[in-house]
> 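Take a look at this one; I'll ask things after.
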Amino acid sequence: MTALTAQFDVPLGVDSPRTSRKAVLAVLSAWGYVDDDWTADMSVVVSELVTNAVQHGAGFVVIGLEAYGEQVVVSVADGSAVVPRRREPDGRGGRGLVLVEALTRRWHVEEHEGGKRVRAELRPYPDTDREQP
């Protein structure tokens, strides 16, 4: 099975989540991952992880994508070693990791270049008969 990978820096700012979603979906589309429901889940996961990295991280944000057939992993790295944790939702947020948990098979945090990387494994892609690029 061929592994497809991509990595790119995220320009920091209020548009970071939207820019990241567009970039991730463009790469996935080029790889043949175009199912609307599945990509909608991916969009939410990317938005939440990037939002957390921009708000609570430090210095940089990098997105990674790995695809192995029906299995796709998205990762978001930043310069802060502070591990994200679930918290009670309030008027400022607190729903992001709940959404990530609901839309992925699993997620975890690992040390990465003095900061951290959050890796989220999406549910299996539903169309395993799609053409590989």
Side-chain angles (χ1 to χ4, degrees):
M1 176 184 318
T2 302
L4 300 169
T5 62
Q7 180 175 312
F8 44 91
D9 297 329
V10 175
L12 299 179
V14 296
D15 293 332
S16 297
R18 181 174 50 86
T19 302
S20 298
R21 280 192 312 272
K22 286 182 176 183
V24 166
L25 294 180
V27 169
L28 291 172
S29 176
W31 291 349
Y33 295 88
V34 294
D35 179 81
D36 289 338
D37 293 334
W38 188 89
T39 56
D41 289 352
M42 174 63 89
S43 292
V44 173
V45 171
V46 168
S47 291
E48 295 303 331
L49 295 180
V50 169
T51 296
N52 284 348
V54 169
Q55 289 180 349
H56 307 292
F60 65 90
V61 175
V62 177
I63 293 179
L65 287 172
E66 304 165 33
Y68 313 91
E70 68 181 17
Q71 191 53 61
V72 178
V73 177
V74 62
S75 63
V76 177
D78 66 60
S80 170
V82 176
V83 175
R85 62 178 177 78
R86 290 178 71 191
R87 64 183 177 90
E88 286 300 314
D90 59 25
R92 297 179 321 202
R95 293 169 188 80
L97 291 180
V98 173
L99 288 169
V100 170
E101 285 178 1
L103 297 174
T104 62
R105 290 176 74 174
R106 63 184 141 261
W107 67 278
H108 70 277
V109 182
E110 57 192 25
E111 190 175 329
H112 179 74
E113 297 180 7
K116 68 176 167 304
R117 177 169 46 202
V118 179
R119 293 176 51 86
E121 182 180 325
L122 274 283
R123 289 194 169 92
Y125 186 77
D127 181 9
T128 57
D129 294 329
R130 74 188 190 300
E131 290 183 27
Q132 290 287 332

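The structure presented is a predicted model; accordingly, all values stated were derived computationally and were not measured.
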> Are any side-chain N or O atoms of S29 and backbone N or O atoms of L25, one a donor and one an acceptor, separated by less than 3.5 Å?
no
> Would you mind reporting whether W107 and E101 have side-chain heavy atoms less than 4.5 Å apart?
yes
> Any heavy-atom pair between the side chains of V10 and F60 that's under 4.5 Å?
no
> Any Lys/Arg nitrogen of R119 or E66 sitting under 4.0 Å from an Asp/Glu carboxylate oxygen of the other?
yes
> Check whether any side-chain heavy atom of Q7 lies under 4.5 Å from a side-chain heavy atom of S75, and answer yes or no.
no
> What is the distance from atom CG of L65 to atom CH2 of W31, rounded to the nearest 0.5 Å?
5.0 Å
> Check T104 against V100 and note the closest heavy-atom contact, atom names and distance.
OG1-O, 2.7 Å
> Is V109 reachable from V50 through a run of hydrophobic residues whose side-chain heavy atoms are each under 4.5 Å from the next?
yes
> Side-chain heavy atoms under 4.5 angstrom apart, residues restricted to Ile, Leu, Val, Met, Phe, Trp, Tyr: same cluster for V73 and L97?
no
> Can you find a side-chain donor-acceptor pair between E110 and H112 that sits under 3.5 Å?
no
> Where is the tightest heavy-atom contact between S80 and G57, given as atom of each residue plus distance?
CB-CA, 3.7 Å
> Would you find a donor on one side and an acceptor on the other, under 3.5 Å apart, between the side chain of Y33 and the backbone of A67?
no
> Testing I63, V74, T51 one by one against S20 for a side chain to side chain contact (heavy atoms under 4.5 Å, CB included), which residue passes?
I63
> According to a hydrophobic-cluster definition based on side-chain heavy atoms being under 4.5 Å apart (Ile, Leu, Val, Met, Phe, Trp, Tyr only), do L99 and V83 belong together?
yes
> Are V45 and V27 connected in a single hydrophobic cluster, I mean Ile/Leu/Val/Met/Phe/Trp/Tyr linked by side-chain heavy atoms less than 4.5 Å apart?
yes
> Does the W38 side chain pair with the main chain of L122, one donor and one acceptor, at a distance under 3.5 Å?
no
> Determine whether the side chains of R21 and S47 contain a donor N or O and an acceptor N or O closer than 3.5 Å.
yes
> Quick check: does any side chain N or O of T19 sit under 3.5 Å from a backbone N or O of S16, one acting as donor and the other as acceptor?
no
> Taking K116 for the side chain and D78 for the main chain, is one N or O donor matched with an acceptor at less than 3.5 Å?
no
> Closest heavy-atom contact between G32 and Y125?
O-OH, 3.7 Å
> Quick one: pull up CG in L28 and CE in M42 and give me the separation to the nearest 0.5 Å.
5.0 Å
> In the single-linkage hydrophobic clustering (I, L, V, M, F, W, Y; side-chain heavy atoms under 4.5 Å), do V82 and V61 co-cluster?
no
